[in-house]
Amino acid sequence: MAWDAEVLFKTCGSLDDVFTKTVTELQGYTESGLEIHYVAGTISSDGDEYIERNIAELLRLQAVLTQQLGEKALVLTSPVIFTPAVYDRLKVFELPREERELKFQNFWDKIITSGYMTGIHFAPKWERSIGTKLEHEAATQQGIDIYYL
């Protein structure tokens with residue numbers, strides 16, 4: 001089972017559609033015996049001019065963790081779900097920044113509290129992100145294993 005956002009979210013027209021499809025996929029992975037891990041970190045908190053750099057770092061950390069955990073786990077991070085094609089399809093960057101951030105935070109809060117997460121790995125300097133601090137709080141409340149990279 002390989003995670004391919006371009007295929008998974010091809011027909012999704014909203015964040016709600018992406019959420020529903022993501023949870024369905026996570027359920028399938030966990031039912032097959034895999035752990036689900038998530039790499040959380042800053043994306044836009046440093047300013048829009050650093051989004052690409054921060055996305056690249058999250059993807060790097062996700063790749064390292066994927067290699068470390070091996071076949072026992074699926075490792076996700078925001079840019080694995082929200083690829084440029086998915087962003088374009090959802091047109092989320094047409095929304096005002098505050099509204100966009102709130103919608104994404106709601107999405108991740110629901111994913112974290114879905115019951116499918118085994119562990120959340122926080123990237124260095126995660127504390128600079130309001131959204132990531134909220135993810136940390138949700139993970140703590142859910143009793144999800146927390147790791148600091």
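Everything quoted here is computed from the prediction, not taken from an experiment.
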Practice task
Start with the C-alpha distance between Val92 and Phe104, add both sets of side-chain angles, then the distance that settles side-chain contact (heavy atoms from CB on, under 4.5 Å), and finish with yes or no.
Solution key: CA-CA 9 Å; Val92 291; Phe104 279 116; 3.7 Å; yes
Practice task
Evaluate the side-chain contact (heavy atoms from CB on, under 4.5 Å) criterion for residues Ile81 and Phe19: first the C-alpha distance (whole Å), next the side-chain angles of each, then the deciding distance (0.1 Å), finally the verdict.
Solution key: CA-CA 10 Å; Ile81 293 176; Phe19 170 76; over 6 Å; no
Exercise for the section: Evaluate the side-chain contact (heavy atoms from CB on, under 4.5 Å) criterion for residues Leu76 and Leu26: first the C-alpha distance (whole Å), next the side-chain angles of each, then the deciding distance (0.1 Å), finally the verdict. Expected result: CA-CA 10 Å; Leu76 298 175; Leu26 294 180; 3.8 Å; yes
Exercise for the section: Apply salt bridge (charged side-chain N to carboxylate O under 4.0 Å, His left out) to Lys21 and Glu25, showing your working. Expected result: CA-CA 6 Å; Lys21 185 65 175 172; Glu25 290 297 309; 3.7 Å; yes
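Scanning all heavy atoms of the two residues, the minimum distance from Asp16 to Lys110 falls at OD1-NZ, 3.8 Å. Between Ala40 and Ile120, the closest heavy-atom pair is CB-CG2, 4.1 Å.
The aromatic rings of Trp126 and His136 lie parallel to each other, with less than 30° between the two planes, well short of the 60° mark. Between His121 and Tyr147, the ring planes are parallel. Angles under 30° get that label, and only those over 60° would be called perpendicular.
Atom CD1 of Ile146 has more than 12 heavy atoms from other residues, nucleotides or ligands within 6.0 Å. Surrounding OH of Tyr50 are at most 12 heavy atoms belonging to other residues, nucleotides or ligands under 6.0 Å away. Taking a 6.0 Å sphere around CD of Glu49, one finds it holds more than 12 heavy atoms contributed by other residues, nucleotides or ligands.
Under a 4.0 Å N-O distance rule, the pair Arg53/Asp46 qualifies as a salt bridge.
Hydrophobic clustering, with ILVMFWY side chains joined whenever heavy atoms are under 4.5 angstrom apart, groups Phe93 together with Leu90.
Contact of the Gln62 side chain with the Pro79 side chain is not registered, since no non-hydrogen atoms from C-beta on lie closer than 4.5 Å. When side chains are defined from C-beta on, Phe107 does not count as touching Lys103, because their heavy atoms never get closer than 4.5 Å.
Remark: Thr22 OG1 to Phe9 CZ distance equals 3.5 Å, nearest 0.5 Å.
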